[in-house]
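The structure under discussion appears below in the form of structure tokens.
Values reported hereafter were calculated over all heavy atoms of this structure, with side chains retained and with hydrogens, waters and symmetry mates removed. Counting convention: from 1, in listed order, for ligands and their atoms alike. Throughout, residue positions are numbered sequentially from 1 according to the sequence presented.
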Amino acid sequence: MKQVTFSVLATDGMGRRGRIDTPRGEINTPAFMPVGTAGTVKAMYPEQVRETGAEILLGNTYHLMLRPGAERVASLGGLHDFMDWQRPILTDSGGFQVMSLAKLRKLTEKGVTFKSHIDGSAYELTPERSIEIQTLLDSDIIMQLDECLALPAERKEMERAMELSLRWADRSKTAFNNQQNRALFGIVQGGDDPELRARSAAGLKSIGFDGYSIGGLAVGEPQEVMFRVLSEITPELPQDRPRYLMGVGKPDDILGGIERGVDMFDCVHPTRAGRHGHAYTRFGVINLKNARHKDDPRPLDEASPNPNCRRWSRAYLHHLVRTEEILGAMVLSQINLHYYQELTAGTRQAIEAGRLTDFAAETRAAWAAGDL
Ligand SMILES: CNc1nc2c(CC[C@H]3O[C@H](OC)[C@H](OC)[C@@H](OC)[C@@H]3OC)c3nc(N)[nH]c(=O)c3cc2[nH]1
């Protein structure tokens, strides 16, 4: 009996308000999933991540297999106990990270061999090994191994990578061996070509997955290309399964993805931008490095539901950022993650009320009018 299930609770246009139930808790969608690359959401205690509203976070197979090693994490009780996050975790299969981080990579039908970017030691990642690693980590939602191309790319290349990813999808599903306590997602590829995308979706549906990730986007293409591909592909995916847009994105990308039928998002942006002094607010993003803040006594946003947006002056936040104080990274990571959760919570309420279009317009207007 499958212990990870998805239900659509309300729809509004292409937008869906749903819930994923897992043995470790529920995930209300649309959902933003903070990235915890090496078993930590940088500069945040796990309970602080939860307090921002997050119900699930990401672990990174590539990083964890290199250090401390999947078998070591398993011998210590799995990733949840290792990092003391007892709610759901989603992991990527590692292919994207290998292609973007590792050295001396060799891609074959079998899988990808590479040398660690940390100490140069050699590894092989196959669909079977990727499923084994994600199972050792005891992840609740795991990904097939796929090949993600950067855009733009030649159509022949996009077709080759899409077809390889479909063969790897089949091998991943076989290696998954129908585990009931976690979900396996297929990943749609096909670049920006509608026919290749449709073939990829059809191939994944015939194999059958617990959810469908939309890969191969947020890899350098303009936003309108990403939105066009989403508008074309979400109608091709099963209505009763979650759709996860990998690696996306900034608030405007997420809002546009929700309007086009996406349920789940992940991105390093809110935490990385926080460490670089950028704060996301209801009025858009503010660069606190800028000298114009050095005497500003106003809080970041005195009407924010997040106490950290009301507690300190902009001058103080500017000071923390300019002096590269550790507290700056901590506070701005929390502020950004909290804002991303406010945004997705707002879309859940808007879809329930049948007013997603109005909510999106109001949100974009506030971003544009921002008195920052
Ligand atoms: C940014 N645009 C972006 N990120 C794509 C990721 C990786 C998501 C990954 O992105 C970071 O790894 C680098 C995160 O770690 C820093 C990972 O979180 C743990 C996250 O894993 C889901 C993709 N992963 C796969 N397997 N296939 C994809 O087609 C794909 C596309 C992406 N576009």
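Interface of Gly215 with ligand 1, defined as ligand atoms under 4.0 Å from a residue heavy atom, comprises 28 (C), 29 (O). With ligand atoms numbered from 1 in the order given, ligand 1 contributes 26 (N) to contacts under 4.0 Å with heavy atoms of Ile187. Those atoms of ligand 1 that come under 4.0 Å of a heavy atom in Ala218, given as number and element, are 1 (C), 2 (N), 3 (C), 33 (N). Contact atoms of ligand 1 toward Leu58: 18 (O), 19 (C), 21 (O), 22 (C) (distance under 4.0 Å to a heavy atom of the residue). Near Asp146, meaning under 4.0 Å from any of its heavy atoms, are these atoms of ligand 1: 25 (C), 26 (N), 27 (N), 28 (C), 29 (O). Heavy-atom contacts of Val35 reach the following atoms of ligand 1: 14 (C), 15 (O), 16 (C), 18 (O), 19 (C) (cutoff under 4.0 Å).
Closest to atom 16 (C) of ligand 1, if we only count protein heavy atoms, is Thr37 OG1, 3.2 Å. Nearest protein heavy-atom contact of atom 1 (C) of ligand 1 is Gly247 O, 3.4 Å. In terms of protein heavy-atom proximity, atom 29 (O) of ligand 1 is closest to Gly216 N, 2.7 Å. In terms of protein heavy-atom proximity, atom 8 (C) of ligand 1 is closest to Asp92 OD2, 3.7 Å. Nearest protein heavy-atom neighbour of atom 19 (C) of ligand 1: Gly59 O, 3.3 Å. Nearest protein heavy-atom contact of atom 22 (C) of ligand 1 is Tyr244 OH, 3.0 Å. Among protein heavy atoms, atom 33 (N) of ligand 1 sits closest to Leu217 O, 2.7 Å.
The backbone N or O of Val35 lies less than 3.5 Å from no partner atom in the side chain of Asp266, so there is not a single donor-acceptor pair.
No cation-pi contact links Arg241 to Phe209, judged by a cut-off of 6.0 Å to the six-membered ring centre and 45° from its axis.
Classification of Glu47 and Arg50 as a salt-bridged pair fails, no side-chain N sitting under 4.0 Å from a carboxylate O. A salt bridge does not link Arg282 with Glu342: none of the charged nitrogens is closer than 4.0 Å to a carboxylate oxygen. Using a 4.0 Å cut-off between a side-chain N of Lys or Arg and a carboxylate O of Asp or Glu, Asp12 and Arg17 do not qualify as a salt bridge. Looking at Arg87 and Glu55, no side-chain N of the basic residue comes within less than 4.0 Å of a carboxylate O on the acidic one, giving no salt bridge. Of the charged side-chain nitrogens involved, at least one lies within less than 4.0 Å of a carboxylate oxygen, so that Asp296 and Arg298 count as a salt-bridged pair. A salt bridge does not link Glu224 with Arg228: none of the charged nitrogens is closer than 4.0 Å to a carboxylate oxygen. Residues Arg155 and Glu195 are paired through a salt bridge, judged by an N-O separation under 4.0 Å between the basic side chain and the carboxylate.
In terms of polar-atom proximity, defined here as any N/O pair under 3.5 Å, Phe96 makes no such contact with ligand 1. Inclusion of Asn60 in the set of residues having an N or O under 3.5 Å from an N or O of ligand 1 is warranted.
Remark: distances from the non-hydrogen atoms of Gln189 to ligand 1 include one below 4.0 Å. Ligand 1 lies out of reach of Gly95, whose nearest heavy atom is not under 4.0 Å from it. Put simply, no part of Met143 is less than 4.0 Å from ligand 1, judged by heavy atoms.
Among Asp266, Leu101, Val188, Val268, the residue whose heavy atom sits closest to atom 20 (C) of ligand 1 is Asp266.
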Between Gln179 and Asn177, is the side chain to side chain donor-acceptor pair (under 3.5 Å) condition met? List the steps.
CA-CA 6 Å; Gln179 297 177 64; Asn177 196 22; over 6 Å; no

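Put simply, Val49 and Phe32 are part of the same group of oily side chains (I, L, V, M, F, W, Y) that touch within less than 4.5 Å, one to the next.
At a heavy-atom cutoff of 4.0 Å, ligand 1 is contacted by the side chain of Gln97 but not by its backbone. Residue contacts with ligand 1 for Ser93 involve side-chain atoms from C-beta outward but no N, CA, C or O (heavy atoms, distance under 4.0 Å).
Ring geometry, His269 versus Tyr280: the interplanar angle exceeds 60°, so the pair is classed perpendicular (tilted spans 30 to 60°). Aromatic ring pairs are classed by plane angle as parallel below 30°, tilted from 30° to 60° and perpendicular above 60°; the pair Phe114 and Tyr123 is parallel.
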